[in-house]
Amino acid sequence: MGKTVLVTGGAGYIGSHTVLELVKAGFKAVVVDNLDNSSEVAVKRAAELAGDSGKNIDFHKIDLRDKEALDKLFASTAIEAVIHFAGLKAVGESVKKPLLYYDNNIIGTVNLLDVMRAHGCKKLVFSSSATVYGWPKEVPCTEESPLFAMNPYGRTKLFIEEICRDLCLSDPEWSIILLRYFNPVGAHPSGLIGEDPRGIPNNLMPFLQQVAVERMPALTVFGTDYSTKDGTGIRDYIHVVDLSVGHISALQKLLDGSELGCEVYNLGTGKGTSVLEMVAAFEKASGKKIHLVLAGRRPGDAETVYASIAKAEKELNWRAQFGIEEMCRDSWNWACKNPWGYESPDQS
Ligand code: NAD
Ligand code: UFG
């Protein structure tokens with residue numbers, strides 16, 4: 001039996017794809033999620049996709065702020081390492097409800113780290129974000145670029161990064177990898193698991209999907225006057241399957257045995273794509289016309305953000321395989337098969 005890895009937030013978008021890659025790679029995945037922004041169906045479908053290895057996925061509905069429940073789980077299971085996705089991620093909501101974000105993301109993480117410490121489990125991969133680069137003065141963003149948070153959500157990522165650094169400084173037995181994701185999009189090529197945000201989507205790709213399946217009438221393009229090739233914002237979109245595989249590479253490095261301390265890696269493709277380029281790629285993949293409403297800039301949005309990927313390539317031996325064509329193809333496949341996400345009527 002392979003090593004057991006705890007995946008917090010494993011019912012979520014990136015978590016469910018990573019749980020699948022984990023068991024495919026021979027690990028046992030213990031999933032903890034409070035299902036606040038997800039469905040247990042995602043975990044069941046990941047298990048289905050894993051075939052025989054699906055039996056190595058175990059789900060527990062636990063909130064990270066429930067320290068007693070976490071403690072019981074660690075007492076009953078030998079956990080080798082943790083991949084920590086659980087957190088709230090809506091930028092606008094974090095501005096309106098900062099205490100909720102500090103409580104959920106920071107207190108939840110501190111609880112997790114404390115329970116890990118108490119049980120001698122000191123290897124962690126944490127979901128950080130390119131949001132910590134704020135509005136970068138220079139692109140590509142390298143891991144050494146200046147850090148700046150533009151909102152409470154971003155501050156939770158920055159604070160948690162600092163907490164992890166302090167922890168590693170205090171005790172060399174800790175090994176922590178902070179992964180700064182750029183813009184995760186796409187879905188598993190099967191169309192069985194994908195992104196299913198609650199309410200009106202904040203992000204470009206889920207919004208595009210909902211326009212294409214006619215849940216939304218049009219996409220609002222936020223800003224057409226940026227100093228970019230077509231005036232719209234530029235981001236580094238990365239296929240969620242590539243991102244998930246990046247977690248397995250990070251985990252392998254943690255489990256290598258060498259004392260690592262706290263290391264940080266960007267996970268992106270290194271390529272910038274504009275909003276209009278993404279719309280065109282999605283129209284091509286779906287065969288649907290996306291109606292656009294051109295609007296002003298969204299407050300807090302950066303102009304151009306993309307990653308330097310040299311460090312992850314060199315030290316994690318990982319590189320994204322998919323381009324925006326595959327990202328749009330797989331997003332569309334997921335959206336057609338599940339127009340109402342995991343709540344869609346069964347089409348099989
Ligand atoms: P998601 O909302 O689909 O997944 C997060 C999961 O965590 C959800 O299933 C939610 O129910 C769970 N959760 C939240 N608070 C919890 C708590 N207190 N206890 C237990 N479970 C809890 O989001 P995602 O897109 O899969 O993102 C995963 C992680 O990656 C998050 O930390 C997010 O901030 C980070 N991230 C995401 C993006 C992105 O664009 N999707 C970009 C950069 C970083
Ligand atoms: N956009 C639109 N219309 C929309 C949604 C987005 O034009 O309806 C534009 C944005 O203005 C931006 C681009 O599409 O230029 C991408 O926007 P997203 O909201 O999809 O992604 P962001 O780069 O703004 O932010 C996301 C997450 C952050 C995270 C960041 C990097 O929301 O939390 O990716 O990982 F930090």
Side-chain angles (χ1 to χ4, degrees), residues 7-18 31-40 42-43 60-66 69-70 83-92 94 100-101 103-105 107-109 111-112 126-134 141 149-151 153-154 156-157 160 179-185 194-198 200-208 210-211 216 218-224 226 228 232-238 240 243-244 266-268 273-276 278-279 292-307:
V7 185
T8 76
Y13 171 44
I14 308 169
S16 54
H17 287 82
T18 304
V31 175
V32 160
D33 201 301
N34 64 2
L35 302 180
D36 196 74
N37 193 39
S38 51
S39 162
E40 200 183 333
V43 182
H60 299 262
K61 185 169 187 281
I62 294 177
D63 190 302
L64 288 190
R65 291 163 296 180
D66 183 350
L70 269 186
I83 305 183
H84 176 31
F85 293 104
L88 297 173
K89 60 164 187 178
V91 170
S94 82
L100 173 67
Y101 273 66
D103 180 44
N104 192 77
N105 293 6
I107 307 291
T109 302
N111 271 347
L112 171 70
F126 171 63
S127 303
S128 189
S129 164
T131 195
V132 300
Y133 296 120
C141 301
M150 318 254 274
N151 50 61
Y153 165 71
T156 68
K157 293 297 179 198
I160 295 169
L179 295 178
R180 293 184 184 145
Y181 316 151
F182 282 66
N183 289 59
V185 296
E195 184 168 18
D196 179 20
R198 297 254 156 103
I200 297 172
N202 301 300
N203 301 115
L204 179 63
M205 188 56 103
F207 210 102
L208 269 173
Q210 294 203 3
V211 176
M216 292 286 171
L219 173 80
T220 305
V221 177
F222 296 133
T224 52
Y226 288 111
T228 59
T232 64
I234 292 196
R235 295 292 183 275
D236 185 341
Y237 298 94
I238 172 166
V240 66
L243 189 68
S244 299
N266 287 339
L267 294 186
T273 304
S274 75
V275 175
L276 294 182
M278 208 57 179
V279 170
L292 301 180
V293 173
L294 303 183
R297 296 179 180 195
R298 184 170 65 175
D301 265 359
E303 180 169 278
T304 300
V305 187
Y306 58 91

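Every value quoted in this text rests on a predicted model; they were computed, and no experiment measured them. Indexing begins at 1, ligand by ligand and atom by atom, following the structure's order.
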Nearest non-hydrogen protein atom, [atom]:
atom                    : result
atom 30 (C) of ligand 2 : S129 OG, 4.1 Å
atom 29 (C) of ligand 1 : F85 O, 3.2 Å
atom 3 (O) of ligand 1  : Y13 N, 2.8 Å
atom 5 (C) of ligand 1  : G87 O, 3.8 Å
atom 40 (O) of ligand 1 : P184 CD, 3.3 Å
atom 34 (O) of ligand 1 : Y153 OH, 2.7 Å
atom 37 (C) of ligand 1 : I14 CD1, 3.9 Å
atom 14 (O) of ligand 2 : V275 CG2, 3.5 Å
atom 1 (N) of ligand 2  : F222 CD1, 3.8 Å
atom 2 (O) of ligand 1  : N37 ND2, 2.7 Å
atom 27 (C) of ligand 2 : N203 ND2, 3.7 Å
atom 41 (N) of ligand 1 : K89 NZ, 3.7 Å

Strictly under 4.0 Å, does any heavy atom of [X] approach an atom of ligand 1?
X    : answer
H84  : no
G108 : no
P197 : no
N104 : yes
V32  : no

Got an N/O contact under 3.5 Å between [X] and ligand 2?
X    : value
L204 : yes
F182 : yes
D301 : yes
T220 : yes

Notebook entry, point to check: Taking the minimum heavy-atom distance to atom 20 (C) of ligand 1, which of V7, N34, N202 ranks first?
Noted result: N34
Notebook entry, point to check: Among D33, L179, D103, T18, whose heavy atom sits nearest atom 10 (C) of ligand 1?
Noted result: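 Nearest heavy atom to atom 10 (C) of ligand 1 lies in D33.
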Exam field: side chain [X] to backbone [Y], donor-acceptor pair closer than 3.5 Å:
X    : Y    : answer
D236 : G268 : no
R298 : G223 : no
Y153 : G92  : no

Notebook entry, point to check: With backbone taken as N, CA, C and O and side chain as the heavy atoms from C-beta onward, which portion of T131 lies under 4.0 Å from ligand 1: side chain, backbone, both, or neither?
Noted result: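 None of T131 does.
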Notebook entry, point to check: Taking non-hydrogen atoms only, is E195 closer than 4.0 angstrom to ligand 1 via side chain, backbone, both or neither?
Noted result: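 Neither; no heavy atom under 4.0 Å.
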Checklist line | Numbering as shown, the atoms of ligand 1 that approach D36 to under 4.0 Å (heavy-atom distance) | finding: 11 (O)
Checklist line | Ligand-residue contact atoms, ligand 1 with G9, heavy atoms, under 4.0 Å | finding: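 Numbered from 1, ligand 1 contributes 6 (C), 7 (O).
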Proximity of [X] to ligand 2 by residue part, where a heavy atom lies under 4.0 Å:
X    : value
Y237 : side chain
Y181 : backbone
T232 : neither
I234 : neither

Next item on the list: Considering non-hydrogen atoms only, spot the tightest contact between P206 and P197 and give its length.
Entry: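 Closest approach of P206 to P197: CB-CG, 3.8 Å.
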